[in-house]
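Structure, as structure tokens:
When a residue number appears, it is its place in the shown sequence, counting from 1.
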Amino acid sequence: MRASPRLGVLFAVLVAAAGIGLGALAFAGLNAATATPALAQADPLTRFLDGIFRQQTRPPPQQMMPRRATRPTTRRKRPRRAPAPAPVVVRDQAQEPKPPADTFIYVMGDAFADDLADGLQDAFAEVPTIEVSRKVSGNSGLVRDDYFDWLKTARERLASKDPVTVGVFIIGSNDRQLMRDGDTSADFGSDRWRELYMARIDAMEAAFAEKQVPLIWVGLPPMQSARYSADMSSLNALFRERAAKADEPFVDIWEAFADDDNRFTAYGPDINGRTVRLRSSNGIHLTKAGARKAAHFVELEIRRILEERNNATVLALPQSGEAGAKDGQGLLAGLPAPPEPGALAIPPPPVLAGPILPLTRREMAAGGALADRPPVLSGYGGQLVQRVYDTGRAPDPRPGRADDFTWPPPQ
């Protein structure tokens with residue numbers, strides 16, 4: 001039997017009414033807690049109807065805090081970039097004209113002459129009146145005059161308009177070879193070879209002596225090859241001998257580039273005393289420091305020659321028989337008369353200060369020699385130094401000396 005539609009609708013209405021009633025009761029209970037005392041005392045139906053139809057009063061809106069006034073933002077203007085200043089043109093002050101050169105150093109020779117000329121230019125860099133020039137042929141020597149004739153080159157330079165005050169010659173590193181002797185050849189180092197070689201050395205010395213120009217002959221340094229070094233030592237002996245015969249200076253640089261055993265060394269002290277590399281990697285040529293060291297010894301000889309030349313220029317005083325000396329109007333007329341023999345001489349004033357020494361002066365030994373090896377001590381002093389520094393044994397105390405701790409002390 002099917003249910004009637006009306007019964008379904010009625011059942012739905014009853015369920016809805018029951019739900020509404022339960023919701024109303026719950027809402028009435030909630031309003032009762034927040035209702036006024038008069039409304040709370042009313043009957044439940046009144047509260048129900050009042051809860052449905054009474055207009056809810058909303059709480060007053062909270063008062064909003066006024067917003068903090070902000071400063072009006074103004075766009076900062078970017079400062080205008082100042083124009084770049086005009087470039088300041090600094091004009092060099094008028095410098096004093098460089099004095100003309102009055103001393104001319106002429107360096108000649110093989111590849112060693114090129115290094116030596118560089119060192120001499122460095123040595124005389126602060127002396128504008130000295131000019132250093134060079135004539136270099138790296139593979140030349142005195143043996144092969146058909147390849148390069150040094151005697152002819154020297155004579156042409158001495159006869160030219162270019163003045164030469166001092167000549168410097170270093171040669172020989174390429175001369176270990178046969179020398180032509182007419183239709184034959186002489187072996188290197190033989191007696192005939194030495195005779196011919198010395199004749200060419202004498203011819204070079206005579207060419208400079210004819211023009212009254214001093215010639216400084218510079219010896220060769222030791223080489224890395226022992227055989228090569230021995231041959232250069234024999235050539236140095238010839239240079240020294242012929243230079244002494246011609247009364248010309250010979251500068252020996254062998255020891256400046258040798259070790260304690262008189263053999264080749266690539267390192268050694270420079271002109272400032274610092275240990276640096278003096279020889280190139282091929283064991284023959286010089287480094288920049290080595291060239292400056294070799295030039296130091298030549299520089300000393302050049303300065304000695306120039307000093308002697310300047311001292312030779314003296315003022316000739318008139319003799320007693322010359323004009324002007326008879327009437328007392330000579331150069332010596334205004335000088336006081338010498339004191340009589342036996343007269344009391346006035347002592348000179350005491351020296352209150354010593355000589356003025358520049359702090360940047362390079363200290364060197366007497367005669368300008370550089371220290372190329374440690375000093376060799378002999379005698380008791382050498383024994384004492386060896387005992388103290390080699391074996392570490394202190395010297396024996398002496399009575400009365402500070403290291404004598406005997407007690408009681410000697411009277």
Side-chain angles (χ1 to χ4, degrees), residues 105-116 134-159 164 166-223 225-258 262 284 294 297-298 301-302 304-305:
I105 311 300
Y106 186 50
V107 183
M108 305 176 298
D110 51 20
F112 283 101
D114 204 14
D115 298 334
L116 188 59
R134 71 187 74 186
K135 180 63 178 179
V136 177
S137 180
N139 297 324
S140 64
L142 293 180
V143 172
R144 291 288 305 275
D145 54 358
D146 58 329
Y147 173 77
F148 194 93
D149 193 345
W150 277 111
L151 181 59
K152 179 182 177 181
T153 302
R155 288 175 175 172
E156 291 177 352
R157 175 57 190 266
L158 294 173
V164 178
V166 179
V168 179
F169 197 32
I170 180 170
I171 202 75
S173 60
N174 303 311
D175 285 340
R176 298 192 307 162
Q177 51 185 312
L178 299 175
M179 184 181 299
R180 290 188 307 174
D181 184 15
D183 297 336
T184 61
S185 299
D187 295 334
F188 171 74
S190 62
D191 294 340
R192 181 56 181 169
W193 190 96
R194 292 167 58 89
E195 181 181 353
L196 295 173
Y197 199 80
M198 288 189 295
R200 298 189 179 186
I201 297 175
D202 295 340
M204 181 66 69
E205 295 279 5
F208 279 82
E210 181 181 355
K211 298 296 183 178
Q212 297 182 356
V213 176
L215 177 62
I216 301 176
W217 208 291
V218 183
L220 296 167
M223 306 298 177
S225 171
R227 179 66 180 273
Y228 193 7
S229 187
D231 294 339
M232 295 302 100
S233 178
S234 63
L235 291 181
N236 285 344
L238 297 180
F239 299 148
R240 183 185 296 105
E241 176 186 346
R242 308 319 294 178
K245 182 179 180 180
D247 197 18
E248 293 291 351
F250 172 77
V251 176
D252 190 358
I253 63 173
W254 185 278
E255 293 185 357
F257 294 91
N262 204 30
I284 299 176
F297 302 98
V298 182
E301 191 63 33
I302 292 175
R304 184 191 64 79
I305 293 175

[X], [atom1] atom: more than 12 neighbouring heavy atoms under 6.0 Å:
X      : atom1 : value
Arg176 : CZ    : yes
Arg304 : CZ    : yes
Asp247 : CG    : no

*Worked check of side chain to side chain contact (heavy atoms under 4.5 Å, CB included) between Asp231 and Phe188*: CA-CA 9 Å; Asp231 294 339; Phe188 171 74; 3.6 Å; yes

Which atoms form the tightest heavy-atom contact between [X] and [Y], and what is the distance?
X      : Y      : result
Ser185 : Leu178 : CB-CB, 4.2 Å
Leu235 : Gly172 : CD1-O, 3.3 Å
Ile302 : Val168 : CD1-CG2, 4.3 Å
Gly189 : Arg194 : O-CD, 3.8 Å
Ala294 : Ile253 : CB-CD1, 4.2 Å
Leu142 : Trp150 : CD2-CB, 4.4 Å

Measuring from atom [atom1] of [X] to atom [atom2] of [Y], what distance do you get when rounded to the nearest 0.5 angstrom?
X      : Y      : atom1 : atom2 : result
Asp252 : Leu220 : CG    : CG    : 10.0 Å
Glu248 : Arg242 : CD    : CZ    : 13.5 Å
Asp202 : Met204 : CG    : CE    : 11.5 Å
Trp254 : Ser229 : CH2   : OG    : 3.0 Å
Lys135 : Phe148 : NZ    : CZ    : 5.0 Å
Ile171 : Arg200 : CD1   : CZ    : 12.0 Å

_Trp193 and Asp181 side chains, donor-acceptor separation under 3.5 Å_ = no

Indicate yes or no: at least one non-hydrogen side-chain atom of [X] is less than 4.5 angstrom from one of [Y].
X      : Y      : value
Gln177 : Arg144 : yes
Val164 : Lys211 : no
Arg192 : Met179 : no
Phe208 : Pro214 : no
Thr153 : Met108 : no
Ile284 : Tyr228 : yes
Val218 : Phe112 : no
Glu241 : Ile201 : no

*For Asp114, enumerate each residue passing the salt bridge (Lys or Arg N to Asp or Glu O under 4.0 Å) test, keeping only those at least two apart in sequence or located in another chain.*
Arg134

*Between Tyr197 and Phe239, is a side chain to side chain contact (heavy atoms under 4.5 Å, CB included) present by the stated rule, with each step listed?*
CA-CA 10 Å; Tyr197 199 80; Phe239 299 148; 3.6 Å; yes

*Would a distance-only check, ignoring hydrogens and angles, find a side-chain to backbone donor-acceptor pair under 3.5 Å from Asn174 to Ser140?*
yes

*Taking Ile216 as the fixed residue, which of Val107, Val166, Ile170 is the one that meets the side chain to side chain contact (heavy atoms under 4.5 Å, CB included) rule?*
Val166

*Is the distance between the ring centroids of Phe250 and Trp217 under 6.0 Å?*
no

